[in-house]
Amino acid sequence: MDVRRKLAVLADAAKYDASCASSGSRRETPKGGMGNTEGMGICHSYTPDGRCVSLLKILFTNYCVYDCRYCVNRISSDVERAQFSVREVVDLTIEFYRRNYIEGLFLSSGIVKSPDATMAELVEVARSLRIDHGFGGYIHLKVPPGVSRELIARAGPLVDRLSVNVELPTTADLSSLAPEKTLGAIESSMAIMKEQIDESKERTKGMRDRKETFIPAGQSTQMIVGATPATDSQILATATRLYTGHGLRRVYYSAFSPIPHADARLPGKSPPLVREHRLYEADWLVRFYGFQASELVDGTHPNLDLDIDPKLAWALAHREFFPIDVNLADREALLRVPGLGVRNVDRILAMRRHRTLALEDLRKLRVAVRRSLPFLAFAGGSEGARVRTLDSMELRRRVEPAKQLALFESQVAAVGGQL
Amino acid sequence: MIHAAIEPTFEAFREAARPLLASSTPPANVFFEDRRRGQVTLSFGDTPASRSFGDTPELRSQAERTRIKPKKVNVPARAVELAKLASFHRDGDRFELLYRVFYRLTHGEPYLLDVASDADTLRLRRMVQSVKHDEHKMHAFVRFRKVDVVGEAEPWFVAWHRPEHPLLRLTAPFFQRRFPSMRWSLLTPQESVHWDMSELHYGPGVPREDAPPPDAFEEMFLTYYKAIFNPARVNLDVMQAMMPKRFWSTMPETAVIGDLARSADTRVQVMKDGGESASSAFIPKTSSLAVLKDAIPACRACDLCLHATQPVFGELGTAQKPVGTLLESGLFLVGEQPGDEEDKAGRPFIGPAGKVLDRALEEAGIDRSTTYLTNAVKHFKFEPRGKRRIHQRPAYGEVRACRGWLDAELEIVKPKVIVALGSTAAQSFLGKRFQVSKRRGQIEKTRFCDAWVATWHPSAILRAPDESSKERMFEELVADLALAKSSLERAA
Ligand code: SF4
Ligand code: SF4
């Protein structure tokens, strides 16, 4: 099989992984080499699904001895199989990089022989890129669960990011759809990474000019949404545990996508994409807006509203909290106003030190006024009274985004985190 | 009025602005001109009170005067950073705006930048945002093409890019940091820059026609781009918002976007079905059934060919034209696979099941010679038991593998009505989950034709456990065939 055919097969197999981030790491171009990272990720292209192409995202091989039901590469699926050599992956990465197609490499793999044997190949690719070719671009390796400490220690200084996929939100989901995987094994791999990252931080502590060199962009993970009946509440609870327990930088949610040769236990249809966006929005709210996951979903409302974003949904359910006075409220309270994103809240706070704000100021900042206004008060004004006077259906009707816009808006908010 | 003719750079602006700020020259009286554009005469420049200066004795004397009477002008670092970026903006009056902002910052409004809704602050922020955005898109969308230079071992990487703002000098250092050990050039309509592995050299702009030719390696990138796209999630609006069309002309991958978007639905179906059929590699491109029939003995897409006598290809009834489209009156019937007798004779539906089918066709008032008869799988699958060969149901993988042949037949015959006989045939069309017992006897609109119907396979009737079910199933088969016939008549 020629390299081009392998590339077609092994990129096709990798397309179900949502993460393609290249941010959060700083690395100078090695002497005589090529490639760097400057902290900010770069999307070099976008595919017609609206997703960013930042990294060369491929599998080393799609041969796999496991039988995860949701995965095209599982042993019981009869897809075309291919395997790269280390050299082929290295060459493709370099050739793509020097034409400015990519920021680097995201290499994942089916499990051949054992997790360790597989990981050893991936580490060899990273080593060859860094050492033999002086490559300074971004490298993200996907770690098969259950890999040994030694291999993680070897990979750590070579890569920017490592990730092990949690795949499904609950133990029961995993045992029904990924019989060889357990949350225990997955999380223990995460724990090993966290431990080694912490140790490395400890070592460099107090050094002048210290720069993180061990997995500098940290670890991330991906959860498939909609392949099992797990609720948003369960999904967000697992995400919270991973963020706080294992110091993850990022949890990716990936709406279950139909795959070739689907297993009969999988749902026939994929969940609406907007569900994935809502989870990202909720994720932003928890990480940057001071919300607890339990405020957004709970036992009685286990799933996020698909029609409106979770912040708006919370506001509609907590009208007693409003109106919030633009000129007096603290940052925390302002962040709870629908349509006021982190960026605008910080602008409002800076501006407010020097003058009293009026509605006109928000318009100029391009705040989504239609959505925010009923929840706001301006010293002396009466706009915010609406939140109490309007009945809830009427209020919802006023602030809800138009249907045609909803998907676009939710995707933009899911990526940008301003809501 | 003061006209300062400056190079359109932040450094030149700062030099010119410093003495003016120190002498508290009000913004309304100050204009900046691009000295490279030559003598631009503006209407207000004609008034006798106006003076023009750049790096002129007058400017120097102005500067000297302020040195004699020094006055501290302190523009906050944050403002300087923003101004540096804004100075790359294409708007002609950017330097007047910068001067006004600097003036206000140093004349009683030190907090100006915090007042985000102030008209000047707002405009400055928007300009900066626009420049940063364009800078970022340039980092992202520049596509180097490898150019081999005659007589030189080292290749040269050249890109042509059209930024929205003239910001080549802002972005060139990024490429210098990233690709220090590669010889490259960045060409834009306004200016170009060349990196010789030790220094950046700026040169004149280059028109689009002089962009480098495609590089053979781009095929690899296209392969990647096509494969990494998930057709189940098409969202062109978001794609275009992130990757505006004005950049497309120099990005090779954008040439396939239309095709990808158009074929997305089919690809989703194929994904659900299981990817391209393995036999497609053996199928010639042709509009002749005879050519297909000649090609099929060479098919090795699955292992069934290893044991069977020969492949059994579809058969166009004798009342039909030998080549080409099925006549209006023709049904397209698909069975499971050839049986023992068919395998030996090389013709479909001539064994016991064929007899049952013939009887059912007759009762439904259909002339076999007007139909097209074929099977989902073209080779006989069996298990030898002594001298006998026992029929075995083909695995879904084999059905998938053979699907390419069926597609090729459909492509040529273009039937108006399809009858799938039995679950293997039905699943070949509509996927693994199809159950004939639950969905038979219903005309369905499918992507293959407007009237598609599944019914029992004649051999299922032969295998039925008792006489009464045999009878019932046979009646249903006849009814379903009659249904197919009537939709054919309606279509005609
Ligand atoms: S281990 Fe990975 S590649 Fe293998 S079947 Fe499971 S998800 Fe797929
Ligand atoms: S059964 Fe079909 S796919 Fe398999 S070898 Fe025969 S013709 Fe080819």
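Everything numeric here is computed off the predicted structure, so don't read it as measured data. Note that these values count all heavy atoms, side chains included, but never hydrogens, waters or copies made by symmetry. Just so it is clear: chains get the letters A, B, ... in the order the sequence lines come, proteins before strands, and each one is counted from 1.
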Among [options], which residue forms the greatest number of heavy-atom pairs with chain B at distances under 4.5 Å?
options                          : answer
K31(A), H354(A), E38(A), E103(A) : H354(A)
R352(A), E28(A), R355(A)         : R355(A)
P48(A), A350(A), G50(A)          : P48(A)
R347(A), K57(A), R353(A)         : K57(A)

Identify the heavy atoms of [X] and [Y] that sit nearest to each other, and give their distance.
X       : Y       : result
I58(A)  : Y224(B) : CG2-CE1, 4.2 Å
K364(A) : R126(B) : O-NH2, 2.8 Å
K15(A)  : P231(B) : NZ-CD, 4.2 Å

[X] [atom1] to [Y] [atom2] distance, which is reported to the nearest 0.5 Å:
X       : Y       : atom1 : atom2 : value
N36(A)  : F174(B) : CG    : CZ    : 6.0 Å
L7(A)   : E219(B) : CG    : CD    : 11.5 Å
F217(B) : L92(A)  : CZ    : CG    : 5.5 Å
H44(A)  : E253(B) : NE2   : CD    : 11.0 Å
R366(A) : L122(B) : CZ    : CG    : 7.5 Å
N100(A) : F157(B) : CG    : CZ    : 11.5 Å

Given heavy-atom pairs under 4.5 angstrom as the criterion, report whether the side chain, backbone, both or neither of [X] touches chain A.
X       : value
I228(B) : both
M182(B) : side chain
F247(B) : neither

Please check if atom [atom1] in [X] has more than 12 non-hydrogen atoms from other residues, nucleotides or ligands closer than 6.0 Å.
X       : atom1 : result
Y111(B) : OH    : no
R104(B) : CZ    : yes
W156(B) : CH2   : no

Under 4.5 Å from any heavy atom of chain B, what part of [X] do you find: side chain, backbone, both or neither?
X       : answer
L357(A) : neither
R51(A)  : side chain
L273(A) : side chain

Contact check, side chains of [X] and [Y], non-hydrogen atoms, under 4.5 Å:
X       : Y       : answer
M351(A) : D114(B) : no
R143(B) : R99(A)  : no
R178(B) : Y97(A)  : yes
H136(B) : M40(A)  : yes

Item to complete: Could you tell me which residues in residues 234-244 of chain B have at least one non-hydrogen atom under 4.5 Å from a non-hydrogen atom of chain A, sorted by residue number?
Response: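 Against chain A, the residues of residues 234-244 of chain B that fall inside the cut-off (heavy atoms, under 4.5 Å) are V234(B), N235(B), L236(B), D237(B), V238(B), M239(B), A241(B), M242(B), M243(B).
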
Item to complete: For the pair Y46(A) and F141(B), name the ring-plane relationship: parallel under 30°, tilted 30 to 60°, perpendicular over 60°.
Response: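 Taking F141(B) first and then Y46(A), their aromatic rings stand perpendicular (interplane angle over 60°).
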
Worksheet item: Mind checking whether F144(B) and Y101(A) have ring centres under 6.0 Å apart?
Response: no

Worksheet item: Based on non-hydrogen pairs under 4.5 Å, which of S181(B), A119(B), A159(B), G397(B) is most in contact with chain A?
Response: S181(B)

Fill in: Main-chain N/O of R177(B) paired with T29(A) side-chain donor or acceptor, under 3.5 Å
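It does hold such a pair.
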
Discussion item. Determine whether a donor-acceptor pair (N or O, by modelled atom type, separation under 3.5 Å) exists between the side chain of D361(A) and the backbone of S117(B).
Written reply: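 Looks like no, no N/O pair under 3.5 Å.
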
